[in-house]
Amino acid sequence: MKLKQELWEENGRRELTFCLAGPRDDDARKLLSPDAKLIWTVEAGSYFEAMTEYYKFMGWGEYTTDQEWDMQPYPEEWSQG
């Protein structure tokens with residue numbers, strides 16, 4: 001299962017918010033200003049996969065982690081909202 005994730009930019013100043021699409025991260029989007037723009041989306045099956053794609057998009061090189069939970073698939077119940 002893959003979940004859609006969104007990258008938001010605030011006020012053209014490259015203040016970024018990377019969060020899950022849908023109700024799971026509604027609280028994060030509520031903190032965005034009215035001028036925030038959705039600039040990119042990606043579907044990923046784990047945090048590691050999402051961050052790997054995010055790093056590629058941003059040109060930051062390779063995402064690495066020593067956290068085992070990063071590699072775990074997102075819980076199935078997260079697809080329910």
To the nearest 0.5 Å, what is the distance between [atom1] ([X]) and [atom2] ([Y])?
X: Leu7; Y: Met58; atom1: CG; atom2: CE; result: 6.5 Å
X: Ile39; Y: Glu6; atom1: CD1; atom2: CD; result: 11.5 Å
X: Phe57; Y: Thr52; atom1: CZ; atom2: OG1; result: 15.5 Å
X: Ser33; Y: Asn11; atom1: OG; atom2: CG; result: 4.0 Å

Co-membership, hydrophobic cluster, residues Leu20 and Met51, 4.5 Å side-chain: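 Shared cluster, yes.
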
same_hphob_cluster(Trp40, Leu16) at 4.5 Å side-chain heavy-atom cutoff: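 Yes, because Trp40 and Leu16 connect within a single hydrophobic cluster, where side-chain heavy atoms sit under 4.5 Å apart.
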
Chi angles and distances behind the side-chain contact (heavy atoms from CB on, under 4.5 Å) call for Glu49, Lys2: CA-CA 10 Å; Glu49 185 180 347; Lys2 293 192 176 214; 2.8 Å; yes

Ring centre gap for Phe18 and Trp8 strictly below 6.0 Å: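 Centroid separation for Phe18 and Trp8: 6.0 Å or greater.
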
Check: Phe48 ring centroid to Tyr63 ring centroid under 6.0 Å: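 Aromatic pair counts; centres sit under 6.0 Å.
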
Side-chain donor/acceptor of Arg29 to backbone N/O of Cys19, under 3.5 Å: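 No.
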
side-chain contact (heavy atoms from CB on, under 4.5 Å) between Tyr54 and Val42, worked out: CA-CA 8 Å; Tyr54 179 41; Val42 66; over 6 Å; no

Leu3 and Ser79, any side-chain heavy atoms less than 4.5 Å apart: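 Side chain of Ser79 against side chain of Leu3, heavy atoms only: contact under 4.5 Å found.
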
Close side-chain approach of Leu32 to Thr17, heavy-atom, < 4.5 Å: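 They are in contact (side-chain heavy atoms under 4.5 Å apart), so the answer is yes.
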
Nearest heavy atoms of Tyr74 and Ala50, plus distance in Å: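 Taking every non-hydrogen atom into account, OH-CB, 3.8 Å.
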
Results of ring-ring contact (aromatic ring centres under 6.0 Å, His included) for Trp69 - residues two or more places apart only: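 Per chain and number, Trp69 pairs via ring-ring contact (aromatic ring centres under 6.0 Å, His included) with Tyr47.
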
Criterion side-chain contact (heavy atoms from CB on, under 4.5 Å) on Glu76 and Met1, from CA distance to verdict: CA-CA 7 Å; Glu76 189 67 36; Met1 169 209 48; 3.9 Å; yes

Evaluation steps, side-chain contact (heavy atoms from CB on, under 4.5 Å), between Met71 and Thr65: CA-CA 9 Å; Met71 308 294 188; Thr65 182; 4.1 Å; yes

Electrostatic pair Glu10-Lys37, nearest N-O below 4.0 angstrom: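 Between Lys37 and Glu10 there is no salt bridge, as every charged N stays at least 4.0 Å from the carboxylate O atoms.
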
